[in-house]
Amino acid sequence: MLKSINCGELRKEHAGQRVTLAGWVHRRRDHGGLIFFDLRDRSGLVQVVFNADVSEDAHRLASDVRSEYVVQVRGRVSERPAGLVNPNLATGEIEVYADELTILNPARTTPFPINEESEVGEAVRLKYRYLDLRRRRMQRNLMLRHRIISHIRAFLNERDFIEIETPILLKSTPEGARDFVVPSRIHPGKFYALPQSPQQMKQLLMVAGFERYYQIARCFRDEDLRADRQPEFTQLDLEMSFVESEDVRAIIEALMLSLFAAVSDKQVQTTPFPVLTYAEAMERYGIDRPDLRFGMEIVDLTDLVAESGFGVFANVAAGGGRIKAICAAGAGGYSRKQIDQLTEEAKAKGAKGLVWMKVEAEGLRSPIAKYLSEEEKNGIRERCQAQMGDLILIVADQAEVAAASLGHLRLVLGEQLGLMDPNVLACAWIIDFPLLEWNEDENRWEAVHHPFTSARDEDWPLLDSDPGAALAKAYDLVCNGTEIGGGSIRIHDQGHQSKIFAALGISPQQAQAQFGHMLEAFQYGAPPHGGIALGLDRLIAILADEASIRDVIAFPKTASATDLMLNSPSPISPQQLAELHIAVVEE
RNA sequence: GGGGGCGUGGUGCAGCGGUCAGCACGCCGGCCUGUCAAGCCGGAGGUCGCGGGUUCAAAUCCCGUCGCUCCCGCCA
């Protein structure tokens, strides 16, 4: 080893010891005859002192050293004199008097500072990702990521789960996201697909009798990117045999609580995690992944204003729509401009307009106040539990539009009013999702979760009569308004699976071609089973207080799915193309 | 596919028709034995992303384009 101890581990009790350190020069302070280095390795910083009186050679060499040089230092650990202790440094009670310095490797001036937390444009960070990763923020994030994944493995191993790897070269399926495909050299014109998730494989592992499987699985989806979506991302993929929804949720909830306690100072808002039905979430929060760190729930005013003198309310109510509201506590002072912005936000989600009411000493102040009776105004105020100084926002529209637009406004206001406490983890389960949803464009039913999801036992007959009303044995885990996981109890018999395929408009021939292996497997004694997949990047980002999952991934892609360091994707040679039987078509 | 924001020395930013491309940090040189964002003195460094247009005059206005980013669509 080129070092005897890590920089950041040195403490007062090491005083007097002779040590060898190796690391990067974080910062250099040159006082002429006296030179200080902050020497950095993964463990942290320690101050190294070069005194011309101690070693003239080392001191002379030290004056040539610059930031980010890789050096080896030998010297004696010494307690700092009184008054020279640095309380901001873990190693601040000591320093190392160097008598020997070796430059292991010099460094060019870096394109951005490594030794400070200043903002740097993301393009530059990504081009020099290896330097960005040297900075404290990314070191911290990736070490947190490691601790989280280690904890998950230990927790599941302890509970008899078996980690099994599944193929990266898989088969393309029509359902779901766009596949990344890999051409076959051996089979002209044929392609593998990268897994969107190991869904089918993990079910087949249940058929194989492993009973409890997990995998830290890389998944690939060729869709457009977002702050929380990368073309490749990591899931905790998990599957269990002989379980019901509650069993899967229980083990994941226990895992989450144990994980949070182990790696985070954040407070879990509610345990056990609240369980909301999808319908309830949509009704109260206008979204299927509500941020439960704050209230401001959506209330329904339809019954109060159905006969209102305000024509819009009466007409919407008469037309089968709903009049819904949220009450933003303390936002009664919002300016005209601020309310206009809220109106734009509501319109972006489909609302035709936004009615506002300010609760003031003289009563409700609102452009529509004059059209409302005292009874209506009092009713609204009471239903909204509005206090003096609050702002009530009302949308009258089809139920879905009213809910979606108010759900969006709720998040905008939650942000503006500072209601999203970053030190709180508000987790919840969302259950009873619809099994199917109607795809207008393709004029057919689609699986909401995936085509292997079981309907609730009592809902199977609905597939024939009212497919949209059937609810699934599916569950999502939501934390602070982010969906961090989803799963379901699967279908484990051929009959139900065929019924789903039929409902999805997949012919028996198509089903056989695409999913024949699954249907066949179900005939050989498939156990009842279910599982879940957690988006680890999102979970880690929440725990790391990062807004983008790029900041918890070592080498992420840009929003346009490129790698600025590798310059990928890139063309391949005509020889490679020929071998793969691929012709590139110029557009 | 669509909409918004940004692009100016190495980094972060200011300048948004005409003195002037400026500030901070960094970098280079000098001085300096107790700093820890060391200090002091001096210095170098930019075809203002790229292309076109408007104008007597463009970093500044317009069009296009490229890159980064946020959002919508998309993401079983």
**Q.** Closest listed nucleotide, where the reference is the side chain of A/Ser548 and the choices are B/C70, B/C68, B/C74
**A.** B/C70
Q) If you check the A/Val120 side chain, which of B/G26, B/U69, B/U11 turns out closest? A) B/U11
Q: Specify the separation, in whole Å, of atom NZ of A/Lys347 and atom P of B/G4.
A: 18 Å
Q: Could I get the full list of salt bridge (Lys or Arg N to Asp or Glu O under 4.0 Å) partners for A/Asp464, not counting sequence neighbours?
A: A/Lys499
**Q.** Any pair counted as ring-ring contact (aromatic ring centres under 6.0 Å, His included), so long as it reaches residues 47-66 of chain A, sequence neighbours left out
**A.** A/Phe37-A/Phe50
(Q) A/Arg137: which residues meet the side-chain hydrogen bond (donor to acceptor under 3.5 Å, both in side chains) condition with it, sequence neighbours left out? (A) A/Glu546, A/Asp551
(Q) The criterion is side-chain hydrogen bond (donor to acceptor under 3.5 Å, both in side chains); which residues satisfy it with A/Ser488, sequence neighbours excluded? (A) A/Thr453, A/Arg490
When we call it a touch if two heavy atoms are under 4.0 Å apart, what does [X] touch: a base, just sugar-phosphate, or nothing?
| X | value |
| --- | --- |
| A/Pro451 | base |
| A/Thr562 | sugar-phosphate |
| A/Ser118 | nothing |
| A/Ser197 | base |

Complement of [N], any strand, by Watson-Crick or G-U distances under 3.5 angstrom:
| N | value |
| --- | --- |
| B/C74 | none |
| B/A37 | none |
| B/G26 | none |
| B/G17 | none |

Q) On a plain distance test, is the side chain of A/Arg229 in donor-acceptor contact with the base of B/C74 below 3.5 Å? A) yes
Q) So, does the side chain of A/Arg226 form a donor-acceptor pair with the base of B/G73 at under 3.5 Å? A) yes
Show me the donor-acceptor pairs, under 3.5 Å and distance only, between side chains in residues 346-354 of chain A and residues at least two apart or in other chains.
from, atom 1, to, atom 2, distance (Å)
A/Lys352, NZ, A/Asp397, OD1, 3.2
A/Lys352, NZ, A/Asp397, OD2, 3.0

Q: Please determine if A/Arg28 and A/Asp38 form a salt bridge, counting it only when a charged side-chain N lies under 4.0 Å from a carboxylate O.
A: no
Q. How does protein contact run along nucleotides 31-43 of chain B, one letter per nucleotide 5' to 3', with B for base contact, S for sugar-phosphate only, - for none, heavy atoms under 4.0 Å?
A. -BBBBBSB-----
Q) Under 4.0 Å between a side-chain N or O of A/Ser560 and OP1 or OP2 of B/C68? A) yes
(Q) Please check if the number of heavy atoms outside A/Glu119 that lie under 6.0 Å from its CD is greater than 12. (A) no
